Student: 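What follows is a single structure, and I will ask about it in a moment.
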Amino acid sequence: MLETAERGASSSTKAPPHERYLEAFRWMLTARVLEEKLASLYRGGMIVGGVYLGRGQEAISAACGMFLDKSKGDLFAPLIRDQAGRSAFGEPLLDVVRTYLGSAKGPMRGRDGNIHRGRPREGQLAMISHLGAMISVLVGRLMAKRMRGEKGFVGLTTIGEGGMQTGATHEGMNIAAVEQVPLVVVATNNHYAYSTPNDREFACAALVDRAKAYGYEGATVDGTDLAACLDVIGGAVKRARAGRPPQLVVAEILRLAGHGEHDDASYVAPEIKKESFAQDALQRAEKLILDEGLLGREGLQQMRAQIAAEVDAAVATAQQEDAPHASEEDWSALSTRELADQFA
Amino acid sequence: MLETAERGASSSTKAPPHERYLEAFRWMLTARVLEEKLASLYRGGMIVGGVYLGRGQEAISAACGMFLDKSKGDLFAPLIRDQAGRSAFGEPLLDVVRTYLGSAKGPMRGRDGNIHRGRPREGQLAMISHLGAMISVLVGRLMAKRMRGEKGFVGLTTIGEGGMQTGATHEGMNIAAVEQVPLVVVATNNHYAYSTPNDREFACAALVDRAKAYGYEGATVDGTDLAACLDVIGGAVKRARAGRPPQLVVAEILRLAGHGEHDDASYVAPEIKKESFAQDALQRAEKLILDEGLLGREGLQQMRAQIAAEVDAAVATAQQEDAPHASEEDWSALSTRELADQFA
Amino acid sequence: MSVTYLEAIREAQARLLREDERVFIYGQDIAGKFGGAFKATKGLAEQFPGRVLNTPISEDAMVGTAIGAAMEGMRPIVEMQFADFSSIALNQILNNAGTHYYRTSVPVPITVRLPSGGTKGSGPFHSQSMEGLYSHYPGLVVVTPATVEDAYTMLIDAVQIDDPVVYCEHKYLYYHLKAEALPDDKLPIGKARIVRPGRDLSIVTYSAMVHEALGVANELSPDGWEVEVVDLRSVKPLDTDTVLASVARTGKLLCVGEAFPWGGVTAEVVARVASEGFHLLDAAPARVNAKDTPIPYHPNLWSEHRPNKSSIAAKARQILAE
Amino acid sequence: MSVTYLEAIREAQARLLREDERVFIYGQDIAGKFGGAFKATKGLAEQFPGRVLNTPISEDAMVGTAIGAAMEGMRPIVEMQFADFSSIALNQILNNAGTHYYRTSVPVPITVRLPSGGTKGSGPFHSQSMEGLYSHYPGLVVVTPATVEDAYTMLIDAVQIDDPVVYCEHKYLYYHLKAEALPDDKLPIGKARIVRPGRDLSIVTYSAMVHEALGVANELSPDGWEVEVVDLRSVKPLDTDTVLASVARTGKLLCVGEAFPWGGVTAEVVARVASEGFHLLDAAPARVNAKDTPIPYHPNLWSEHRPNKSSIAAKARQILAE
Ligand SMILES: Cc1ncc(C[n+]2csc(CCOP(=O)(O)OP(=O)(O)O)c2C)c(N)n1
Ligand SMILES: Cc1ncc(C[n+]2csc(CCOP(=O)(O)OP(=O)(O)O)c2C)c(N)n1
Ligand SMILES: [Mg+2]
Ligand SMILES: [Mg+2]
């Protein structure tokens, strides 16, 4: 629901078109099935580097990807819990598993890993780790498009409540407002930054108050409620596209996994798990699908089986592929090879 | 006036005790007379480095210094337009002119200049140029005092509307709220950051909305109105000292000088000079003093003459003093001399 | 007609804006009539509406924005008000711009202009030379023009290069250095230049120190010493070949830089010559750098903190005496 | 009983908290039962209530806060989650902590712990070695412990020193390195150590690369080469005397570092030896560094990107053959 940063305003549940529920659910399930596979590969020692899951965050993330349209020139700058959104935005499963399994054919060719993958030319930015750094980069892409006379595009990026406290986030959010670019920032307060609970992250009553502080339009949403996520995030994308100021959506959930798969999250307070924002968005969405009669239990089973088969096929392909070889590297960080410095 | 970030709430003019008007006015006049002297020395080529004046900002700045009490352990982290506050906090005139005139006896001993001067052990921090960087430093000092069991102290720092857009300001203001230290941030929107007007600095409707966004208590004040400044800034200091959350006061004025004395400020829009916030705080304060019958014209003249004499005496002293000599430097950036690296 | 170093920078930008619609300039106080703290963009905002843009005081976001625009095919130039404030943008420069091509195959053609180096009374936060920090990390080209001509051609080249370039312009040279006219031809980035030939000693240096070195060469000439002065022009890539060829002629190396003494350009040059040209050296190579303290504000201290003609000449004589 | 490098860091902090009430630790995820991304503070928050504090993700403010506390007489230790994120705090470290004593005579005794260096699969933003950036600027002591014993004693020393110390702990050594017990005595910061005596070649190195160098020394020993290995321990100040004494014995220098190849520790060491010990050298000094690209994620690439036993041994044999 659109608000001008009134505290505690609750998110709307006005239903968007039904056919998008099913589509959204599919992306949510894709993310969950894929990430479960990645987690099991990680436990099996098949993955180099870390595995960070978006478990519980799928409704928000799916909504982030679904309203973006590459054919309109839209851009997406995801972070570590955005598998559903990445898939919805058009990231092939193979891109994902190739990166995790270290195939030389992955989009990062073994040079960077897992969660950092992106295809900047196709609108999906490749994050660096430093939280908040991608916001201004996205702003710059949006400015450039406008300078070139493009119209009707929008950019969306995500951030955690922890990442909202970095200087880069501040400068990036502020400059977006100064430049009045069509930007949507979807912030998820999943109540922890790694092991750190909210009370050591910030002290404002509601993070959505940052919207007003930057000159954004702000909205909050229950991140476990798919219908609400589609409504609120879809609405924010629509407003940004229509030339409104930048949009901040603050979603609330509980992170339903460790920070990464190496983390048992034993620091999560037991009481918080009983909060309504601790519900599993996927389970709630499944119920919605069933309640709305969009699919039956059997249909759901089929969908899951189909996704699992796609995931398995991608894994099987990537596992056949060669890892990168150092002998094939020319070790240049510059595209202008003749300007690469020479070391003895 | 205390507010919880309601936009446009105007500052109270509830009168504080009358005797403080005169005291405040004295600091304002001290700053003005001293700075006029510095400007004339600058024009005469007597000063190395830049001269940055607080012309127009004296009411705010005086109020910043006046409610701090070194005997209570209070701390002050001023920036470039805080001469009135520095004086009110207890900075000797000699510290100022020694620094500007490059006397080796100045608090920075020629190693750093002018506006960067401070006496950290006596509670006045020595700013670095990078805007926003001093906020977290002040937070750290306040935390340390609390850790050591001190009570009843408060720290105040100033920032411009331009400096509010740096990442350091964001991180510093946020961490202060997380740590719940007794901090007052006095932000002055003087409508320009160097030559840049507000519309290229930020896009929120009111900077005081940042208060709510960080969990501060916020207030606005007309920076040309001495009575209001004493009331609002004094109130904020009192609340911080009483254990309330960090305080943000946003004052509005027009910068009545160039960014520095090298700058003719010809970019300032003529219309803006007619705004009510473009009034000269010193003139308004003079009127207040006369209207309240605290001093007559003659008394004012005497006060000005006395201050001018003090300033001239300080200048005369500093001008006699030796400049620093390189031959007396041992060129160590470390207090632990034996750990200084040796270069051939 | 004559052109200053600063005017050359302005003219280069004017030409880039005129000839390449992908170019825009982004920085603090660079627009309007004002035209920048040093006037490097004076008049350009009026001449090229919408392409010279003031930013908030947000160095991180300024560079981030430029990176994004560059990914979209633009050629942004970012002006830092002073090099020293680029510390706030260092993360974007090193970790975002510097890594992007290697990670994704998508180059990031930004140019970051750093008004660098010491001037009288500027103190610890308006005097720094940061080329050593940026050169240490991969993925960046770092240039340090010492002449009006290079200021002009290297800025044009910097913007045309498909990779991120850190362009270190020296504030002391802004007004002090004049040329007859803007140059027609140029040496490409990556090539050093012998600015003064000699046979007894190679002084290898860059930026404002080139002129101190030339002064020292002139000072030593009446004593019969022929000092060769090499201007590195770009410190990354470093033109080792030209440096080695010079040392091959003279047998002696003195490397001079205005930056702090630990590491940096002079360490890299001496280490390369020692490694790759060991047998060319007839005497111990030496360095003159600034002192290992913050840059002092007072001119009495500053003039001793930085390398100067007398400290360079003293070291040169010492090597020549070996 | 045996102690890992990581445990030594934890024990040093426990002892500091126990014995010095001015000490507190500030960082992300270091408190609670969690005890830090690498568990370097495990158990400490419970043992020392209110003195091990979680922070927001705000590296600039974390260091700024520590600086302020240090001015008030505290001895804060800041844990960066990874060295790489200290780029966000670099301005506070260089321009605030590094300049404060020189400017005001008030020292700033903070210790910033940087979990540094490459490990398998960590990629470009969780693998960096940043000692070269921090050493370039004045006002900081920069240490790089390579052993369990040094990890312990140098952290205690770092906190006791009245000036800011950047403490670079190597993540690869956390679990891989074990000692019998915590040490009773120590070498002070500022002194290098001969870890293996030799007469044919000095390998000067620091941090994790000390162990690669020792491996190479062992590998070359059957061929009759006696390689001396020097562990710098602190890279600023750099113990030039010990390095020169070693080169005086062996006549040959190979300097090895895990950081990027332009500048940094190896350039400074080679430049100093070339300048101050030119006549001690019987052969060209050489360096082995990482490659000049971001640190690659895939182990196949990473293992070639960093210096390793085979690249070090190859270079060592080349020098020995001269
Ligand atoms: C500048 C910076 N500092 C530290 C880190 C290390 N780090 C990675 S993820 C993370 C927690 C992020 O929390 P939040 O933003 O709430 O996102 P969430 O993981 O909860 O989705 C931290 C501290 C980082 N990536 N960037
Ligand atoms: C991080 C940083 N970037 C740039 C500067 C250069 N600079 C010094 S003062 C100033 C303008 C400050 O404007 P504002 O904060 O509004 O304060 P005012 O001068 O108006 O009092 C700028 C850009 C700086 N000091 N710090
Ligand atoms: Mg979180
Ligand atoms: Mg201002």
Side-chain angles (χ1 to χ4, degrees), chain A residues 47-50 99 102-104 106 108-116 127-133 160-169 192-197 199-203 259 262-263 265-267 322-334 340-344, chain D residues 27-37 53-62 81-82 84-89 91-92 119-128 260-262 266-267 284 286-305 308 315 318:
Chain A
I47 288 176
V48 190
T99 311
S103 156
M108 312 305 271
R109 299 154 300 148
R111 293 171 172 197
D112 201 351
N114 307 356
I115 232 61
H116 296 128
M127 65 174 276
I128 66 167
S129 293
H130 301 72
L131 292 165
E161 87 292 344
M164 286 183 86
Q165 315 318 324
T166 69
T169 294
Y192 285 88
Y194 207 157
S195 77
T196 302
D199 67 347
R200 293 295 297 171
E201 301 188 76
F202 57 86
H259 173 61
H262 59 281
D263 171 28
S266 54
Y267 47 78
D322 276 353
H325 285 299
S327 57
E328 285 156 28
E329 285 282 314
D330 77 342
W331 298 109
S332 174
L334 297 179
D341 208 345
Q342 301 302 321
F343 297 91
Chain D
Q28 291 157 27
D29 303 299
I30 62 171
K33 285 199 199 325
F34 190 66
L53 301 170
N54 277 349
T55 65
I57 307 177
S58 298
E59 284 80 6
D60 183 278
M62 284 157 57
Q81 197 149 77
F82 286 82
D84 316 51
F85 298 127
S86 76
S87 55
I88 309 295
N91 184 60
Q92 290 284 6
T119 50
K120 215 171 90 172
S122 295
F125 310 116
H126 292 77
S127 305
Q128 293 173 21
F260 298 121
W262 192 107
T266 61
R287 297 151 78 190
V288 182
N289 296 304
K291 297 203 191 301
D292 194 33
T293 72
I295 300 150
Y297 148 76
H298 198 285
N300 287 358
L301 305 181
W302 173 65
S303 57
E304 288 297 304
H305 183 273
N308 54 42
K315 187 66 93 175
Q318 195 182 310

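Reckoned from all heavy atoms, side chains included, excluding hydrogens, waters and symmetry mates. Reminder, nothing fancy here: chain letters follow the sequence lines and each chain counts from 1. What you see is a predicted model, and the numbers here were worked out from it, not measured in a lab.
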Student: For D/Q81, is it the side chain, the backbone, both or neither that has a heavy atom under 4.5 Å from a heavy atom of chain A?
Tutor: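 It is the side chain, since no backbone atom gets that close.
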Student: Which atoms of A/S103 are under 4.5 Å from chain D, going by heavy atoms: the side chain, the backbone, both sets, or neither?
Tutor: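 Neither part; nothing is under 4.5 Å.
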Student: Heavy-atom distances under 4.5 Å only: say whether A/E201 touches chain D with side chain, backbone, both or neither.
Tutor: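 The answer is the backbone of A/E201.
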Student: Under a 4.5 Å heavy-atom cut-off, does chain D meet the side chain of A/L131, its backbone, both or neither?
Tutor: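 Contact with chain D: side chain only.
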Student: Looking at A/H325, is its backbone amide N or carbonyl O close enough to the side chain of D/N300 to form a donor-acceptor pair, meaning the two atoms are under 3.5 Å apart?
Tutor: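 No, the answer is negative, given that no donor and acceptor are paired below the 3.5 Å cut-off.
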Student: With a 4.5 angstrom heavy-atom cut-off, is it the side chain or the backbone of D/W302 that approaches chain A, or both, or neither?
Tutor: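 Answer is neither: D/W302 stays 4.5 Å or more from chain A.
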Student: Assess the residue pair D/H126 and A/S129 against the criterion (side-chain contact (heavy atoms from CB on, under 4.5 Å)); give the C-alpha distance rounded to whole Å, side-chain angles, the decisive distance to 0.1 Å, and a yes or no.
Tutor: CA-CA 8 Å; D/H126 292 77; A/S129 293; 3.1 Å; yes
Student: For D/H298 and A/A326, indicate whether the former's side chain and the latter's backbone hold a donor-acceptor pair under 3.5 Å.
Tutor: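 A pair under 3.5 Å: no.
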Student: Where on D/I88 is there a heavy atom nearer than 4.5 Å to chain A: the side chain, the backbone, both, or neither?
Tutor: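 Looking at D/I88, just its side chain touches chain A.
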Student: Heavy-atom distance under 4.5 Å to chain A: side chain of D/D292, backbone, both or neither?
Tutor: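 Interface part for D/D292: both.
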Student: Please check this pair: side chain of D/Y297 against backbone of A/V48, looking for a donor-acceptor N/O pair closer than 3.5 Å.
Tutor: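 Here the side-chain-to-backbone pair exists.
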Student: Given the side-chain rings of D/F125 and A/H116, with only the six-membered ring counted for Trp, is the space between their centroids under 6.0 Å?
Tutor: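 Yes.
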Student: Just do the side-chain contact (heavy atoms from CB on, under 4.5 Å) check on A/Y194 and D/I57 with the steps written out, would you?
Tutor: CA-CA 10 Å; A/Y194 207 157; D/I57 307 177; over 6 Å; no
Student: Who wins among A/Q165, A/R109, A/H130 for the most heavy-atom pairs under 4.5 Å with chain D?
Tutor: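 When all of A/Q165, A/R109, A/H130 are compared, A/H130 has the most.
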Student: At a heavy-atom separation under 4.5 Å, does D/F34 approach chain A through its side chain, its backbone, both, or neither?
Tutor: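 For D/F34, side-chain heavy atoms alone lie under 4.5 Å from chain A.
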Student: Against chain D, label A/S327 side chain, backbone, both or neither, depending on which of its atoms sit under 4.5 Å from a heavy atom there.
Tutor: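 Contact with chain D: none, neither part.
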Student: Ring-plane angle category for A/W331 and D/H305, please: parallel below 30°, perpendicular beyond 60°, tilted otherwise.
Tutor: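 Ring orientation of A/W331 relative to D/H305: tilted.
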Student: With sequence neighbours excluded, what pairs up with A/D330 under the side-chain hydrogen bond (donor to acceptor under 3.5 Å, both in side chains) test?
Tutor: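 By the side-chain hydrogen bond (donor to acceptor under 3.5 Å, both in side chains) rule, A/D330 matches A/R337.
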Student: At a heavy-atom separation under 4.5 Å, does D/S87 approach chain A through its side chain, its backbone, both, or neither?
Tutor: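 For D/S87, the contact with chain A is made by the side chain alone.
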Student: Which bit of D/A61 is near chain A, if near means a heavy-atom gap under 4.5 Å: side chain, backbone, both or neither?
Tutor: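 Neither part.
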Student: Name the option with the most non-hydrogen atom pairs under 4.5 Å to chain A; the candidates are D/S58, D/P261, D/P294.
Tutor: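 Sorted descending by pairs with chain A, the first entry is D/P261.
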Student: Measure distances from D/K291 to the heavy atoms of chain A and classify the residue's part below 4.5 Å as side chain, backbone, both or neither.
Tutor: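 Side chain only.
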Student: Between A/P324, A/A168, A/A193, A/G102, who has the most heavy-atom pairs with chain D when the cutoff is under 4.5 Å?
Tutor: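 Counting heavy-atom pairs under 4.5 Å, the top option is A/P324.
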Student: Would you check, one step at a time, whether the test side-chain contact (heavy atoms from CB on, under 4.5 Å) holds for D/L53 with A/R200?
Tutor: CA-CA 9 Å; D/L53 301 170; A/R200 293 295 297 171; 3.8 Å; yes
Student: Need one label for D/S122: side chain, backbone, both or neither, based on atoms under 4.5 Å from any heavy atom in chain A.
Tutor: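 Contact with chain A involves no heavy atom of D/S122 at all.
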Student: Please state whether the side chain, the backbone, both or neither of D/I295 comes within less than 4.5 Å of a heavy atom of chain A.
Tutor: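 Only the backbone of D/I295 comes within 4.5 Å of chain A.
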